[in-house]
There are 2 protein chains.
Amino acid sequence: MQDIANHAGINKALLHYYYRTKDHLFNAVFEKIAGRMFEKFAPVFDEHLTLEEKIRFFFREHISFLQKNPRLPIFLLNEMNRNPERIRKIILHMDFQKFWLKIEKQHKEELLRYNLTKENIPQFMTTMAAISVFPFAGRALISAILEKTGYDFKEYLEERKTYAADFVIKAIKKD
Amino acid sequence: MQDIANHAGINKALLHYYYRTKDHLFNAVFEKIAGRMFEKFAPVFDEHLTLEEKIRFFFREHISFLQKNPRLPIFLLNEMNRNPERIRKIILHMDFQKFWLKIEKQHKEELLRYNLTKENIPQFMTTMAAISVFPFAGRALISAILEKTGYDFKEYLEERKTYAADFVIKAIKKD
DNA sequence: GTCTATAGAAGGATAGAC
DNA sequence: GTCTATCCTTCTATAGAC
């Protein structure tokens, strides 16, 4: 609380005046921050793009967003792990069925050319998220290894936007 | 320290007798635990298997290991993020060049049929790790979504061992 | 609303008996 | 080696002046 007060240029007493307890303050911060992460997923479903373009769009936008907020993933993952009930309650109010129906409708014939079904959509979506998020969650490890082997982490991230898209598209294309 | 002492069935004083400070205790725990995670990567390079079999072997073994230690990823990721210097020092003493040379040697002709080069090996390796680790790091979020949409997290993990392997192999195969 | 001062609890660490 | 008792610091939270 002292550190936060210092950063805010006020004192501890005022923090408690506004938030009453440390717990309330943390929740306020968490909820403000958590929203930003998931907002980035939504527009993907609305853009008038082909499936492939949507995948490219997602990686480009999501990784760019995380480049500006590199500590967000580890913060959110850690907090969701520490307090799973909170995220369960948030999820309960969301309609995921809707997203899949949108995709099915928008890409009816297109879907025939890809290995994407209602059954494997959880595997696919978590794979997308994994590929985008992990470089930031594991940043300390990855940038240490890259540094050691003569690569640059920033370049690695730039490359990843297209590598990830190419990788995923190739993986799901029927032929 | 009180909680740990309780779990161990001793008292705080004895913890300090053995580890002197809380920091020393934490380091002892971290080093003991961190090793287990990376041990799982090593045998992949030694087994006499084709590249595809190695990929299948990796996901099967690594995800099985994490099923038994589901909280390991988030603990390690969080701690590496909190203290990047520690992991940098550990990495400094490892020879990654060696691993790539092993693969190049063992799979000389085979490699011609895959999109795997010295240049994109960091992208590839981090993608493998991401796909395996993320379901556990993001367990709270993923199992909340799966629950909500009528899937089962345990089944999801079992399926993932083969889904991940199929996905990755398809992604890197030239044709 | 914003501050200073301080209460009250908890945490890390040590002293000293056995 | 293991315990109890206790010191000292840090932390959350509140009281009360302005």
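Labels below follow one simple rule: chain letters A, B, ... track the order of the sequence lines, proteins then strands, and each chain is numbered from 1.
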Five-pair end axes of the helix from C:dG1-D:dC18 to C:dC18-D:dG1 and the angle they enclose, rounded to 10°: 10°

B:Ile55 and its side chain to side chain contact (heavy atoms under 4.5 Å, CB included) partner, picked from B:Phe59, B:Phe57, B:Phe58: B:Phe59

Geometric class of the A:Phe167/B:Phe124 ring pair [parallel <30°, tilted 30-60°, perpendicular >60°]: tilted

Length of the CG-C1' vector between A:Asn6 and C:dC3, whole Å: 14 Å

Phosphate contact (D:dT4 OP1 or OP2) by B:Asn11 side-chain N/O below 4.0 Å: yes

Where do N or O atoms of nucleotides 12-15 of chain C meet protein N or O atoms at under 3.5 Å, pair by pair?
| from | atom 1 | to | atom 2 | distance (Å) |
| --- | --- | --- | --- | --- |
| C:dG12 | OP1 | B:Lys22 | NZ | 2.4 |
| C:dG12 | OP2 | B:Met1 | N | 3.1 |
| C:dG12 | N7 | B:Lys12 | NZ | 3.3 |
| C:dA13 | OP2 | B:His16 | NE2 | 3.1 |
| C:dA13 | OP2 | B:Lys22 | N | 2.7 |

Stepwise side chain to side chain contact (heavy atoms under 4.5 Å, CB included) check, B:Ile121 with B:Thr117: CA-CA 6 Å; B:Ile121 197 76; B:Thr117 64; over 6 Å; no

Minimal non-hydrogen separation, B:Ile63 against B:Ser132, with atom names: CG1-OG, 3.6 Å

Salt bridge (Lys or Arg N to Asp or Glu O under 4.0 Å) between B:Glu53 and B:Arg56, worked out: CA-CA 5 Å; B:Glu53 286 166 341; B:Arg56 294 191 187 285; over 6 Å; no

Nearest-Å distance for atom pair OH/C1', residues A:Tyr18 and D:dT14: 17 Å

Any residue meeting salt bridge (charged side-chain N to carboxylate O under 4.0 Å, His left out) with A:Lys12, in chain and number order, not counting sequence neighbours: none

Closest non-hydrogen atom pair between A:Leu77 and B:Gly138, with its separation: CD2-CA, 3.7 Å

B:Leu14 CG to D:dA5 P, straight-line distance once rounded to whole Å: 16 Å

Minimum-distance pair of heavy atoms, taken over all atoms of B:Lys170 and A:Lys174: NZ-N, 4.3 Å

Integer-rounded Å distance: D:dA13 P and A:Ile4 CD1: 11 Å

